[in-house]
Peer 1: 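Below is one structure. I have some questions about it.
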Number of protein chains: 2
Amino acid sequence: MEDEVDRLVEAWHAERPDLDVEPLHVLSRVSRLARHLDRARRAVFVAHGMESWEFDVLTALRRAGPPYELSPGRLLRATLVTSGTMTNRIDRLESTGLVRRSPDPQDKRGVLVRLTDAGRTRVDAAFADLVDRERELLGSLSPGDRRTLASLLRSLLVPFDTDPAA
Amino acid sequence: MEDEVDRLVEAWHAERPDLDVEPLHVLSRVSRLARHLDRARRAVFVAHGMESWEFDVLTALRRAGPPYELSPGRLLRATLVTSGTMTNRIDRLESTGLVRRSPDPQDKRGVLVRLTDAGRTRVDAAFADLVDRERELLGSLSPGDRRTLASLLRSLLVPFDTDPAA
DNA sequence: CGTGGATATCTCGATGTCAAGACAGGTAAG
DNA sequence: CTTACCTGTCTTGACATCGAGATATCCACG
């Protein structure tokens, strides 16, 4: 069975026979798969009237555990966006009642963003559906294959997650 | 060795012990790795005074082989962007002299976008560097591991690349 | 032929993101 | 204290992308 990356590598090999393009077999697949995954996730979120960026922020809060509260700074580091973007996102989530801002009693510069009950309900439902959908996407792999894949991906990821040079 | 996804899965398990979040081990890693990969690629491109979107378009033309010419329609399908985006990209690439637009003699609605000599030189140099950099990123994996990984990723990708439901 | 629908490209307005900087509050050294 | 630097959040302006729609051309069928 062939995929688009096989065709892509073949085309490069024909055009640049001087180069060893073997790395593309792994890394182009990672990028393309991530792209398809984004679309699939978006489709799950629309069923919950939610967008990807909302899910990202709400899950970060949800994962934090009770009282489901983090500073904007921690949120932007968790979701890998800039501070301006995070301010904008919190504004909109607050206007739809999914989170609430309050001053940080420990630090007068700071703010705490807390998931409302409505926000928690929404994100829990969306997350459950997302995991189900992702399980379907992995349907073609045996449990052993999944473990192998996870492990190989981890070894690619570790350098990024340890080095601050990311 | 642990990565961020191990911590993420652990956090979810603590908060939602009712859910089987095993799919995250594979698919969250795919997304996160793609994100890091984007940054790494961007770093390569800046060394060539190029941005990611430029590289995407130029490589699509380069892969097509002589005369390095494709229609905007084929380009937008190859790069998965909308038509408005592709018009804008071609405009900018044309203004920097990396591509040239000409009317399609076969179809008066159509346009053909061709890589200039300057464009070809630039993209060839950037591509060679990119493959080198990607080879480094795969350094922690044996050749056998790389083949295994490529093969497992392919089986996840095939459904997307065959079904039109992407 | 001619008509209706499909196709190719471009235009336009809205929007989410980023980068840089503003500003208030914290923090440590003298 | 107080000065100088650091940190946390928000503001602003620029920009790439998207989605919807406009226009022109092609093509298959009657």
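Just so we're clear, the structure is a prediction, and the values are computed from it rather than from any experiment. The sequence lines fix the lettering, A, B, ..., with proteins before strands; numbering per chain opens at 1.
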Peer 1: Can you name the atoms? Protein N/O to nucleotides 23-25 of chain D N/O, anything below 3.5 Å, with the distance.
Peer 2:
residue : atom : partner : partner atom : Å
dT25(D) : O2   : R109(B) : NH1          : 3.3

Peer 1: Looking only at non-hydrogen atoms, find the nearest pair between L70(B) and L61(B) and report the distance.
Peer 2: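 That would be N-CD2, 3.6 Å.
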
Peer 1: Only one of S71(A), P72(A), P103(A) passes side chain to side chain contact (heavy atoms under 4.5 Å, CB included) with V111(A); say which it is.
Peer 2: P72(A)

Peer 1: Please give, in whole Å, the distance from dG8(D) P to R101(A) CZ?
Peer 2: 16 Å

Peer 1: Is R147(B) atom CZ crowded by more than 12 heavy atoms from other residues, nucleotides or ligands, each under 6.0 Å away?
Peer 2: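 Counting other residues, nucleotides and ligands, CZ of R147(B) stays at 12 neighbours or fewer.
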
Peer 1: Mind listing the residues from residues 48-59 of chain B sitting with a heavy atom below 4.0 Å of DNA chain D? Number order is fine.
Peer 2: W53(B)

Peer 1: Do L76(B) and T87(B) have side-chain heavy atoms sitting under 4.5 Å apart?
Peer 2: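 They are not in side-chain contact.
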
Peer 1: Could you tell me whether R32(B) and D3(B) make a salt bridge, using a distance below 4.0 angstrom between a side-chain N and a carboxylate O?
Peer 2: no

Peer 1: Please determine whether a side-chain nitrogen of the Lys or Arg among D129(B) and R41(B) lies less than 4.0 Å from a carboxylate oxygen of the Asp or Glu.
Peer 2: no

Peer 1: Side-chain heavy atoms under 4.5 angstrom apart, residues restricted to Ile, Leu, Val, Met, Phe, Trp, Tyr: same cluster for L24(B) and L27(B)?
Peer 2: yes

Peer 1: Does this structure show an ion pair linking D132(A) with R135(A), if we count only N-O contacts that are shorter than 4.0 Å?
Peer 2: yes

Peer 1: Please report the distance, rounded to the nearest Å, between CG in D104(B) and P in dT7(C).
Peer 2: 16 Å

Peer 1: Rounded to whole Å, please give me the gap between CD in Q106(B) and P in dA8(C).
Peer 2: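 Distance, rounded to whole Å: 14 Å.
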
Peer 1: Please give me every residue in residues 68-98 of chain B whose heavy atoms get under 4.0 Å of an atom in DNA chain C, ordered by residue number.
Peer 2: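 Contacts with DNA chain C under 4.0 Å: S71(B), P72(B), G73(B), S83(B), G84(B), T87(B).
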
Peer 1: Contact between L58(A) and Y68(A) at the side-chain level, heavy atoms closer than 4.5 Å - yes or no?
Peer 2: no

Peer 1: Looking at R7(A) and E10(A), does any basic side-chain N land under 4.0 Å from a carboxylate oxygen?
Peer 2: no

